[in-house]
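Hydrogens, waters and symmetry mates play no part in the numbers below; they use all other heavy atoms, side chains included. Indexing begins at 1, ligand by ligand and atom by atom, following the structure's order.
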Amino acid sequence: MSDATVFPVPEELAAKAWVDEPRYLEMYQKSVDNPEEFWTEHGKSIHWFKPFTKVKDVSYGPGDVHIRWYEDGTTNVCYNAIDRHLSTKKDDTAIIWEGDDPSEHEYITYGQLHNNVCRFANAMKARGVKKGDRVTIYMPMIPEATYAMLACARIGAVHSVVFGGFSPDALAGRILGCESNCLITADEGLRGGRKVPLKANADKALESCPNVDTVFVVKRTGGDITWNNERDVWWDEACSNADSDCPAEEMNAEDPLFILFTSGSTGQPKGVVHTTGGYLVYAAMTHKYVFDYHDGDIYWCTADVGWITGHSYIVYGPLTNGATTLVFEGVPNYPTASRFWEVCDKHKVNIFYTAPTAIRALMREGLAPVKRTSRSTIRLLGTVGEPINPEAWNWYHEVVGEGRCQIVDTWWQTETGGILITPLPGATPLKPGSATRPFFGIQPLLVDNDGKTLEGATEGNLCIADSWPGQMRTLYGDHERFIQTYFSTYKGLYFTGDGCRRDEDGYYWITGRVDDVINVSGHRMGTAEVESALVAHPKVAESAVVGYPHDIKGQGIYAYVTLNAGEEPSDDLRKELITWVRKEIGPIATPDMLQWAPGLPKTRSGKIMRRILRKIAENDFGSLGDTSTLADPSVVDDLIDKRMNK
Ligand code: 6R9
């Protein structure tokens, strides 16, 4: 598929959408020529207790890096997501919950949402949780997960949602990493018909987190769990004893709203901090324009609230716009590969947003599971999380959308808070595989490795000049690492960690990470995290982990392992190590390939040459590049010789 394939915007769509192409170009120009004016206007789209008078105060260094938006305004995210709609939408559906089992679903109106959130907010207060406290949420995709987030926002507590697929160790690290003293979980989760022992995992994690004094537990399955009377509280009991009146705390625009841990290229996961006012303005605005959301639309984002996509585009963006947002507990292929489309038909979904990995997995199941559903209500299809290959894009467009639906391939990151590069449905001619053009206010730049800005059609490291309201503000407890990671490589720019190509039409094509982060099924994994899990095993001396192309997952995890002297490689040990990593981090970190490496290719200064390991993992032995700086070039031949599944 060449760049030449362009899908124009259907005229009737352009006429109905919030913006058509001329309007996009005009608004975009204004947003970069006069950001203060542009963001003043759009900042007013949310409710403020005390209106802001300052719009933007940003410095990307050198030296001090600070990012502040609407800094003298006060607001409350939960008030914007719920209370503001009560006069007109009290009986409208805010959340459609679809259970793992197709027989279970629930409709929650804005009125009910308000009641549920207020009660739980009071239940937290009764246990001493207050403004500024960090609360960890480790839950399945049930309505209570969204209530918990919104209740934190209501009382000014800072939530840190940890994906329910993470292990006890990973959970403990994240609880300690943001010093939280309250945990919200469920007895068990339910995914694809299988139970996930959340409370048991939490109990294990809490053995190393003595400061957690309250654990709220939602009863989801009724499975057997152990109980600590001092510490554990049933969600239902706590809420039934709580008042339904809970005024929303007046928060400063720059008060933290949440922390979300994400993998970096080195060391432990980073606690990305997002604040209140700017984040909300940006999440709501992107949700409105990117999905061309109109009142009454049924909107479904299939992400998990454990990821940024769930925060911005299941909870905060849609609810702030008064949308009906679908929360799905299950997985794409349970009970069958028709599930996504059956849910679309059942709940008359108009806007559907998922990840390329899910599309590729469903594509493999053939046409029948799609064709036996109607999908006639779907108007718009979105993707996020990783580059979408043109084959998957075309299948999504032709088979799922029957050529009728625009596709929005949205590029963004945990750090960016909301979508930065994306088509707008009524405004952007599409090219399969390209995230197309920048959203309002976003100025992408491509720079070479020396930091020189590249012009025209070219390829380079993707940076963003200037700020936008949804940008992260710091890393929790480590502002220095924040500056180092994002603002030191290229002076005066935010560095995304992605490589990117720009074509002659100014369209952006993300090529993937240029750092040591791998993208497995749209989930970020630091190679350093997998390596440290491996070397924690008593038989492992050293390991190096790289990504390699994987048909379904986008990238798979390829681990090279050097055993301690005296240890013998065996298939049993390979299995043991793979299970070990799964247990240490969680199923998403499971190595797909594990190769024994008697030695790793290192420079004379002892630095592992990952470039070479990547090539071997990719089965690309012809272009290993310069190996002259290797301390012992023979290790490379040995690794090639024993390349798995060569
Ligand atoms: C929202 C989210 C961020 C990384 C990002 C990039 C990759 C996300 C993409 C995409 C190509 C897209 N990524 N969307 N690559 N096209 N449409 O995924 O956040 O989990 O922090 O991951 O994902 O590499 O840098 P996060």
Lys/Arg N to Asp/Glu carboxylate O, Asp505 vs Lys431, below 4.0 Å: yes

Can you establish whether the number of heavy atoms outside Arg364 located under 6.0 Å from its atom CZ is more than 12? no

For ligand 1, find out whether one of its N or O atoms is nearer than 3.5 Å to an N or O atom of Thr262. no

protein heavy-atom neighbour closest to atom 21 (O) of ligand 1 works out as Thr414 OG1, 2.5 Å

Assess the residue pair Asp516 and Arg614 against the criterion (salt bridge (charged side-chain N to carboxylate O under 4.0 Å, His left out)); give the C-alpha distance rounded to whole Å, side-chain angles, the decisive distance to 0.1 Å, and a yes or no. CA-CA 11 Å; Asp516 288 323; Arg614 263 184 232 124; 3.0 Å; yes

Closest to atom 5 (C) of ligand 1 among Ile518, Asp498, Leu462, Thr496 (heavy-atom distance): Asp498

Find all atoms of ligand 1 within a distance of less than 4.0 Å from any non-hydrogen atom belonging to Asn519, and give their numbers and elements. 7 (C), 23 (O)

What do we get for Ile388 next to ligand 1 when only non-hydrogen atoms under 4.0 Å count, side chain, backbone, both or neither? neither

Around Asp551, counting heavy atoms of other residues, nucleotides and ligands shown, do more than 12 lie under 6.0 Å from its CG? no

Contact check: Gly385 vs ligand 1, nitrogen or oxygen atoms, below 3.5 angstrom: yes

Do ligand 1 and Thr383 have nitrogen or oxygen atoms that lie under 3.5 Å from each other? no

Using ring centroids (six-membered ring only for Trp), state whether Tyr476 and Phe261 fall under 6.0 Å. no

If you measure from each heavy atom of Trp412 to ligand 1, is any distance below 4.0 Å? yes

Heavy-atom contacts with Val384 under 4.0 Å: which atoms of ligand 1 show up? List them by number with element. 1 (C)

Specify whether His311 and Phe258 have parallel, tilted or perpendicular ring planes, treating 30° as the upper limit for parallel and 60° as the lower limit for perpendicular. tilted

Considering only protein heavy atoms, which is closest to atom 11 (C) of ligand 1, and at what distance to one decimal place? Pro387 N, 3.0 Å

Identify, for atom 22 (O) of ligand 1, the protein heavy atom at the shortest distance, and state residue, atom and that distance. Arg524 CD, 3.1 Å

Report, in ascending order of atom number, the atoms of ligand 1 lying under 4.0 Å from any heavy atom of Thr309. 1 (C)

Phe440/His42 aromatic ring centres below 6.0 Å: no

Tyr293 and Tyr313 aromatic centres sub-6.0 Å: no

Assign the ring pair Tyr548 / His550 to parallel, tilted or perpendicular, where the plane angle (0 to 90°) is split at 30° and 60°. perpendicular

Residue-level breakdown please: for Thr410 versus ligand 1, do any non-hydrogen atoms fall below 4.0 Å on the side chain, on the backbone, on both, or on neither? backbone

Would you check whether Gly497 reaches within less than 4.0 Å of ligand 1, judged by its heavy atoms? no

Counting each atom of ligand 1 from 1 as listed, which ones have a heavy atom of Ile510 under 4.0 Å away? 11 (C), 15 (N)

Salt bridge flag under 4.0 Å for residues Arg524 and Glu529: no

